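Worksheet for the structure shown next.
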Amino acid sequence: NDRHRLAAQIDIIDDGPGIDQDMADQIFEPFFTTKSSGTGLGLYIAREICDGNQARLSYERGAGDGSRFRITFQDSGNLVVSALA
């Protein structure tokens with residue numbers, strides 16, 4: 001079968017100031033934070049959860065300001081998506 005399959009993706013986009021490129025390489029590391037409070041574990045845990053479910057969490061700087069976090073799900077060939085109304 002030569003059908004082209006696309007993996008399902010979820011984008012989480014904001015219009016805030018974005019993340020400096022110098023820091024973008026570190027945001028998924030455990031205990032990395034730019035704040036005086038907090039543990040710096042949020043994005044690390046989110047990526048671990050995605051990895052454990054055969055998905056990938058990535059970051060891209062948005063156009064202009066803002067950030068885009070993308071969850072890309074592995075193409076299983078028979079992905080079923082449902083939503084509650």
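These numbers were taken from a predicted model, which means no experiment stands behind them.
Between L43 and L57, the shortest heavy-atom contact is O-CD2, 4.3 Å. For G18 against Y59, the heavy-atom pair with the smallest separation is C-OH, 4.3 Å. Minimum heavy-atom separation, T33 to G40: CB-CA, 4.0 Å.
Atom-to-atom distance recorded for D15:CG and S67:OG is 10.0 Å, nearest 0.5 angstrom. The distance from the CZ atom of F73 to the CD atom of Q54 is 11.5 Å, given to the nearest 0.5 Å. Separating the CZ atom in R56 from the CZ atom in R70 is a distance of 8.5 Å, to the nearest 0.5 Å.
In this structure, Q21 and D25 have side chains that are in contact, with non-hydrogen atoms separated by less than 4.5 Å. Counting only heavy atoms from C-beta outward, the side chains of F69 and S58 never approach each other to under 4.5 Å. Under the 4.5 Å side-chain criterion, counting only non-hydrogen atoms from C-beta, P17 is not in contact with D65. At least one side-chain heavy atom of I19 sits under 4.5 Å from a side-chain heavy atom of I27. Counting heavy atoms from C-beta on, the side chains of R47 and D51 come closer than 4.5 Å. Side-chain atoms of M23 and T34, non-hydrogen and from C-beta on, do get closer than 4.5 Å to each other. Proximity of L41 to P30: side-chain heavy atoms (C-beta onward) are separated by under 4.5 Å at one or more points.
Within the structure, ring pair (Phe, Tyr, Trp, His ring centres under 6.0 Å) contacts touching residues 11-58 (residues at least two apart or in different chains) do not occur.
In D11, the CG atom is crowded: over 12 heavy atoms of neighbouring residues, nucleotides or ligands sit closer than 6.0 Å.
I10 and I49 end up in different hydrophobic clusters when Ile, Leu, Val, Met, Phe, Trp and Tyr side chains are linked at under 4.5 Å.
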